[in-house]
There are 2 protein chains.
Amino acid sequence: MNTVDTRTKILDVAQDLIQRVGVNAMSYRDISEAIGIRNAGVHYHFPTKDGLITALLERYSDDVLSLLDQIIASPESAETKLRRYFALFETTLLSGNQDKACLGGMLGAENESLDAALTEKVANFYRANERRLAVILVEGQQSGAFKFAGDAETMAVLVFSTLQGGMLLSRVKGDGTEYRAILERLVRMLKG
Amino acid sequence: MNTVDTRTKILDVAQDLIQRVGVNAMSYRDISEAIGIRNAGVHYHFPTKDGLITALLERYSDDVLSLLDQIIASPESAETKLRRYFALFETTLLSGNQDKACLGGMLGAENESLDAALTEKVANFYRANERRLAVILVEGQQSGAFKFAGDAETMAVLVFSTLQGGMLLSRVKGDGTEYRAILERLVRMLKG
DNA sequence: ACACTACCTTACTAGTAGGTAAGTAGTCCT
DNA sequence: AGGACTACTTACCTACTAGTAAGGTAGTGT
């Protein structure tokens, strides 16, 4: 179906735009021009902008979390799993003109200009990441790879915060390598 | 002068709005309605939006950095200085409806829809924070309060990343206490 | 009394925002 | 062949965007 293709194209372009310029700087016109259809054609697939962003976040969340689950299920060490998780977002950061952030981060920053249901979905995406990070951290704690005081849950929130903040800083400063340096240092701290 | 008052009011309202909804969701109309003058009256003080945001960032940067310098110059311990630095941003986060982020963070997220000069100013704000954080970290390292491997500069970038990411997460999840928990944990990690 | 300036106002512009109603070309099913 | 469905199109809407030109007015200095 050509429909599916167009729908996917819309989501792809919208995601790219939001990761670059943010939700409020992305318009239906930008999308329609990028894929070569008319403004109303985009509205046919996604009647409202909130609906489009909701669909986008769901797709993104499913993609990221399933990749993350694959990493957790792999037979590798906790340290390797953590690094592979970090690399997931590094790929986004280093793609194209090195100006793309995490979709969740962008939606989080602009969440007050979104509707309440979307804010909750963004929060759930964060929590889902943190839960999975906690699993990796506990695994590393038990294997002796990670040594840190206190509960793994709070540490997971800290790690996710550093990841999101690291992407922000790295992108603004135009230095894609900084992200890696930050998280490499974090891994070393976790190893004790 | 009434001029100064209006100019200050414009900056205050604009800052509040940007910290809440972001740069692109804030309009001259929002500002004019909030302070009770007409749209053109705002343009009298700040002809262009980029100019307004530039002035805003400069004021914000000066404010934050001078407070930070005061903290560094105080006779307190490095650990206390670090906590007071974190508390600076916590005040913003917990003010009003607990929906305000760091201005630097918001401008960083939406930096691609700003002009290039502004992006550089945001990056410089980040670097200025990191430099001052590095001073505190070195001080703590020398006094024995902080124990960490590697250079203080990279650690300063990590700390600032965690701070920015922590604000983002805390705000999205609507839990203002999370920020404190994250940075408290970070302090404990730095103490070794 | 008069000019000058600072600080606004009214009234406007061109462009863009998200969104809609009605029409159309192609495809599928009976 | 006829009808229904999908995936668009053209043409339009109202509201809002940043920004401007010209005018008014209050206060100040001479």
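This is a predicted model, so every value here is computed, not measured. Letters A, B, ... mirror the listed sequences (proteins, then strands); counts begin at 1.
- The salt bridge (Lys or Arg N to Asp or Glu O under 4.0 Å) test with B:Asp69 singles out one residue from B:Lys81, B:Arg131, B:Arg132, and that residue is B:Arg132.
- With a 6.0 Å radius and a threshold of 12 heavy atoms from other residues, nucleotides or ligands, B:Arg59 has its CZ atom above the threshold.
- Note on B:His45: a side-chain N or O is less than 4.0 Å away from OP1 or OP2 of C:dC8.
- Of the candidates D:dA11, D:dA21, C:dG18, the closest approach to any side-chain atom of B:Ala40 belongs to D:dA21.
- A heavy atom lying under 4.0 Å from DNA chain D marks none of the residues of residues 17-36 of chain A.
- One side chain, B:Thr80 or B:Ser77, offers a donor N or O that lies under 3.5 Å from an acceptor on the other.
- Not a single side chain to side chain donor-acceptor pair (under 3.5 Å) links B:Glu33 to another residue, sequence neighbours left out.
- A:Lys49 places its NZ atom 12 Å from the C1' atom of C:dT16, with the value rounded to the nearest Å.
- Taking atom CG of A:Asn39 as the reference point, atom P of C:dA22 lies 18 Å away to the nearest angstrom.
- A:Tyr28 and A:His43 have parallel rings, their planes meeting at less than 30° on a 0 to 90° scale where 60° marks the start of perpendicular.
- Between A:Arg38 and D:dC8 there is no side-chain N or O to OP1 or OP2 distance below 4.0 Å.
- Counting only heavy atoms from C-beta on, A:His43 has its side chain closest to C:dT20 among D:dG19, C:dT20, C:dC8.
- Here the side chains of A:Asn24 and B:Val23 are not in contact, with every heavy-atom distance at 4.5 Å or above.
- Straight-line distance from the CD1 atom of A:Ile37 to the P atom of C:dA25: 18 Å, rounded to whole Å.
- Closest to the B:Thr6 side chain, of the nucleotides C:dC8, C:dG19, C:dA11, is C:dC8.
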